[in-house]
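Scope of the values below: all heavy atoms of this structure, side chains included, with no hydrogens, waters or symmetry mates. Just so you know, these numbers come straight off a predicted model, no measurement behind them.
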Amino acid sequence: MACEVEIRAAEARLGLRLPPSYREHMLGSAALPGAHGLALLPVSRIDRFGRLEPEWLAGWMQGWDAAATMPAPEGRLRDDPADPATMATDQLAGTVVVSTVSDERILLMNPAAIDESGEWESWDFANWYPGAYRYPSFADLAKAIARGD
């Protein structure tokens, strides 16, 4: 749980306006039901993935670059949120970490993908995924986590 002052301080530090559904969630509760070890970070600790997890980012990008030389499977859709392998890898470093790490899994929000209502695309990212499962908003990601997706 956070207060408006803490959220505004995080926004000032990041130079970003946080998305409405994340702000609303943090103002009401910092709990994330069904998260299996993942917990939301206090807003005072959220930061860019590239800053909080530089080794993970470097290792993942090295693996991604190596895999990029392999031919793409037939039928893969470009920019398909249901296909984790179509995430925008060039945006990974700039995503904002909003959870702890559990079993090499983390929750991220992408300020490079903001819709007309101010919602950010939110990612469920793990080393054992071929990329990130993407959701239109933090609220959609939280619902998927609660369902056990």
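Applying the salt bridge (charged side-chain N to carboxylate O under 4.0 Å, His left out) criterion to Glu55, with sequence neighbours excluded, gives no partner residue. Shown here are the salt bridge (charged side-chain N to carboxylate O under 4.0 Å, His left out) partners of Arg13, two or more places apart in sequence or in another chain: there are none.
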Do Ile145 and Leu107 pass the side chain to side chain contact (heavy atoms under 4.5 Å, CB included) test, and can you show the C-alpha distance, the side-chain angles, and the key distance before you say yes or no?
-> CA-CA 10 Å; Ile145 296 289; Leu107 304 179; 4.0 Å; yes
Worked check of side chain to side chain contact (heavy atoms under 4.5 Å, CB included) between Leu41 and Asp47 = CA-CA 10 Å; Leu41 292 173; Asp47 207 342; over 6 Å; no
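The CG atom of Leu14 sits 5.0 Å away from atom CD1 of Ile46, with the distance rounded to the nearest 0.5 Å. Here the CH2-CG distance, from Trp123 to Leu108, works out to 7.0 Å after rounding to the nearest 0.5 Å. The line from OG of Ser122 to OH of Tyr135 is 10.5 Å long, rounded to the nearest 0.5 Å. Here CZ of Arg17 is found 10.5 Å from CH2 of Trp120. Values are rounded to the nearest 0.5 Å. Here Leu16 contributes atom CG and Ile114 contributes atom CD1; the two are 7.0 Å apart, rounded to the nearest 0.5 Å. The line from CE of Met26 to CD of Glu6 is 8.5 Å long, rounded to the nearest 0.5 Å.
Here the closest non-hydrogen pair linking Ser99 and Leu38 is OG-CD2, 3.9 Å. Taking each heavy atom of Pro20 and Ser117 in turn, the nearest pair found is CG-O, 3.6 Å. Ala132 approaches Met87 most closely through the heavy-atom pair N-SD, 3.2 Å. When all heavy atoms of Gly94 and Arg48 are compared, the closest pair comes out as O-NH1, 2.7 Å. Residue Glu119 comes nearest to Ser137 through the heavy atom pair OE1-CB, 3.4 Å, listed as atom of the first residue, atom of the second, then distance. The nearest pair of heavy atoms linking Leu18 to Glu11 is N-OE2, 2.9 Å.
Applying the side-chain hydrogen bond (donor to acceptor under 3.5 Å, both in side chains) test between Arg134 and each of Thr86, Asp140, Asn110 identifies Thr86 as the sole match.
Between Trp56 and Phe125, the distance from one ring center to the other falls under 6.0 angstrom.
Side-chain contact between Val43 and Tyr22 is present, with at least one heavy-atom pair separated by less than 4.5 Å.
Below 30°, between 30° and 60°, or above 60°: for Phe138 and His25 the angle between ring planes is above 60°, a perpendicular geometry.
Under a 3.5 Å cut-off, the side chain of Thr100 and the backbone N or O of Ala39 do form a donor-acceptor pair. With hydrogens and angles ignored, the 3.5 Å screen pairs no side-chain donor or acceptor of Asp103 with any backbone N or O of Arg105.
Note on Leu27 and Val5: separate hydrophobic clusters, where clusters join Ile, Leu, Val, Met, Phe, Trp and Tyr whose side-chain heavy atoms are under 4.5 Å apart, directly or indirectly.
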